[in-house]
Amino acid sequence: MLVKFFATYRQIAGCKSCDVPAPGSVLALMADLSKRWPDFRTLILNEDGTDKGDDVIIMVNGRHIEHLDGVHTKLTEEDYVAITPLVAGG
Amino acid sequence: MAKQLVVDPKKCVSCRTCELVCSFKHNEEFNPRLSNVSVFHYEEAAITVPIMCLQCDEASCAAICPTGALKRQADGVVTHDANKCIVCKMCVSACPLGNVSYSVAKKKIFKCDMCDGETWCAVHCPTGAISVVDPDEVPDKKQLAADKLKAAVEEVLA
Amino acid sequence: MTQGNGWMGTIIRVNLTEGTIKKEPLNMQDAKDYVGARGLGTKYYCNEVDPKVEPLSPENKLIFMTGPLTGTCACSAGRYEVVSKAPLTNIIGAANSGGHFGPELKYAGYDGIIFEGKAPEPVYLHIDDELVELVPAGDLWGQGVHPVTDAFEEKYGKVRVATIGTPGERGMLYATVMNDKNRAAGRGGMGAVMGSKNLKAVVVRGTGGVKVARPEKFMEEATKARTMLREHPVTGEGLGALGTQILVNIVNEVGGLPLHNGRDGSYWDKADDTSGERLVETHLIKNQGCFGCTIACGRVTKVEGRGDFDGFGEGPEYEAGWSYGAACGVNDIAAIVKANFICNEQGMDPITLGSTVACAMELFEMGAIPESDIGFPLRFGDAEAMVKLAQMCADGEGFGNTIGLGSYRLAEKYGHPELSMSVKKQEMPAYDGRAIQGIGLEYATSNRGGCHVRGYMISPEVLGIPLKMDPLVTEGKGALLKTFQDLTALCDSTGICLFTTFGIGLPEIAGQYREAVGSDETDEEILLKGERIWNLEKRFNMEAGVEKDTLPPRLLREALPSGPAKGKVNQLQTMLADYYAARNWTADGIPTQEKLDELDVTY
């Protein structure tokens, strides 16, 4: 399953994207990424690891997880995920 | 010993917040020309440098002042006493860094007084380009140099 | 000089036909009711000018107006507004700019300048505190923004300059007013109005200061707002480090980055080549702030070793990055940076320019524009052709003059007005109204035509600021947009930057305003001024003969071919009904007398 990183998350992951085996849910993916890159831990997960962090945007197939099942959104190998710190522009 | 204002041009984004808060602190108005700190922008180099009084140990302004209006305080800051000042402007000429100023509009001399220890320019600087350091403490730059050396040694040993 | 309530109390009135200059007291009642900058400039304009006026005629007026917070240490308070009837759209044009020019005007002792008539020969206005004079522009006429600014600094020392390039002199319909070299009062053609008056520049040096009504409380409010901005991830970190172009990948991810004039949907596999991340790696030298700004989103950039693309300057921002990038299918970031330099150096709106080139590319590919008209092939993805056309447009050369008409007039000339991606003849920016429903509603209803900075629905629909709304649904969009538009009108009018609203909200904007002007109004009463401004602009537009609120047929009828919003069109009619209801306007989008009376808008 494809995971894309944007903005400063690229420095943490050291790449623009990576392939990982699809875990059961978005929450599990966040935990996996935090294990692989410990700097992600405090950014993409909340303190006790039960939800996403406050300042991360997570999209599955281009849809924000808020409009899906939140961190419980199910993932399959065909899905793709993008994660980015909260940024803005105009 | 006085705390020292230190500038880091690499961090300055030329927003001039320091000019605004300084003029406000001392005049209750926002007027960069009454500020004790001035920001100089070098367009082609894309570098911006804030300049303010560094409270010289050998302060020419105080040395030349005929009335003792400019005087070093116990904390090391050279302050200006408007009551003693005759506005002869010798201090303006004497300061080699141009950090004592004269306002035509206000008919007064002004220079940095470290805001009685509050150093508004440093407090309000959004990027940390202006900071206050205690000269008796080990400077951050020395620490950074040590960090680099440590990393290099680690690499060699690894 | 300073009045002690954020205002200087004086307006300069320049009659260019007669060559006369008058200083008159600021209309304090209007300043109270319409806040400042955008609102107050528009109020002065509406008081004095016939809405049917031809924008480029001597009968039109051009107003520069600051706000009560401009020049203070309120957060990011370096803004001023240029107001006139816009030649691109024939409705109200109000263009906002940062940099250091606005504050300097106040330090010289003036809240604003009203230009009337037309000078017999090219002139510039020189302001040095009390001294205000018209000076023959001489050789400066015919020169670009950067050499003109340099020449004034050479002549007068440390001055702030607002000027036009040669497109503005020629009345090019989307020429900008540029200040501090690279800051633009960008949209609608304010530079063309300035040029039509034979006014090359405004040069200002001021040594006075701005005082506020309740200094201690003001400083508290300003410090609170600045601290919030410094601590917010977007305004304290992201915008400064990565610039606005950081949005490219995110908007593309939600399928909202219009590709090839919107013809091929809104998802681009090459978007990352044009992203903010890529700009940082390739051309960014440093980030830079406008006056008093903690955010510092400006990009100082350089292109080297790319021949014709080489240059040094600022930008691009997200919108320009898209208009030359995805809209034209150009993924060479050096070309994008270069085209943006050309816009800054000669004073042109990059959103309209890039979109017009994109429209011409579509027309060329479908055979509607013959190659002989252009002089070379013009296909999507051709970086050389895109940069060449930007330069030709700046120089008024050949087909560049047709590009200078904007996409609507260009597409109409070649028989396909429906392919102009514009609303009320002004090009829509870098978000697809099919993938992001609410921004489509904003484009349709904005008082200055296709525009994102009248009610930035990307905040809730894509970024989740201050709340998360689904970009694909229509529910709730009308009411929220109304609030956003009113708040934006207020924010613009105070003199602080709209980008502050990523990190602060009404309480902080109203708080700083209240302590500066010495008002005891509630937040809600202050927000009402934003709604008053909106309704005044709307009333002017109706008198001017504004077109109805709609979107290009492509957004209403051509479903997106791919991406997360596949199959979607913009559901405008549904949202419009909600929006008009929220505004308490008629079902046809006309302000009711009841609403105008409630807001005390007289026209």
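Letters A, B, ... are given to chains in the order of the sequence lines, protein chains preceding strands, and every chain is numbered from 1.
- Within 6.0 Å of atom CD in C/E237, 12 or fewer heavy atoms from other residues, nucleotides or ligands are found, so the atom counts as exposed in its surroundings.
- Contacts of C/L498 with chain A are absent, with no heavy-atom separation under 4.5 Å from either backbone or side chain.
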Yes or no on side chain to side chain contact (heavy atoms under 4.5 Å, CB included) for C/I250 and A/V87, after CA distance, side-chain angles and deciding distance?
-> CA-CA 9 Å; C/I250 297 168; A/V87 294; 3.3 Å; yes
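- Within a 6.0 Å radius of NZ in A/K52, other residues, nucleotides and ligands contribute more than 12 heavy atoms.
- Between A/R63 and C/V254, the closest side-chain pair of non-hydrogen atoms is not below 4.5 Å.
- By number of non-hydrogen pairs under 4.5 angstrom with chain A, the leading residue of C/A435, C/P233, C/P429 is C/P233.
- Note on C/D272 versus A/K4: no salt bridge recorded, every NZ/NE/NH1/NH2 to OD/OE distance being 4.0 Å or above.
- Contact of A/N61 with chain C is made through the backbone alone, with heavy-atom distances under 4.5 Å.
- Interatomic distance, C/I246 CD1 to A/T8 OG1, rounded to the nearest 0.5 Å: 7.5 Å.
- When heavy atoms are compared at a cutoff of 4.5 Å, C/L239 approaches chain A solely by way of its side chain, counted from C-beta outward.
- For chain A, the nearby parts of C/E253 are the backbone and the side chain; heavy atoms of each come within less than 4.5 Å.
- For chain C, the nearby part of A/I57 is the side chain; its heavy atoms alone come within less than 4.5 Å.
- By the 6.0 Å contact criterion, NZ on C/K566 is open, its count of non-hydrogen atoms from other residues, nucleotides or ligands being 12 or less.
- Contacts with chain A were tallied for C/I465, C/I458, C/L242, C/L472; C/L472 has the most, counting heavy-atom pairs under 4.5 Å.
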Verify side chain to side chain contact (heavy atoms under 4.5 Å, CB included) between A/H67 and C/K468, making sure each step is shown before the conclusion.
-> CA-CA 9 Å; A/H67 313 308; C/K468 188 74 191 78; 3.0 Å; yes
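- For a residue to count as touching a neighbouring chain, one of its non-hydrogen atoms must lie under 4.5 Å from one of that chain's; by this rule C/V453 does not touch chain A.
- Minimum interatomic distance between A/A88 and C/L247 (heavy atoms only, all atoms of both residues): C-CG, 4.0 Å.
- Counting heavy-atom pairs under 4.5 Å between each of A/E66, A/H64, A/M59 and chain C puts A/H64 at the top.
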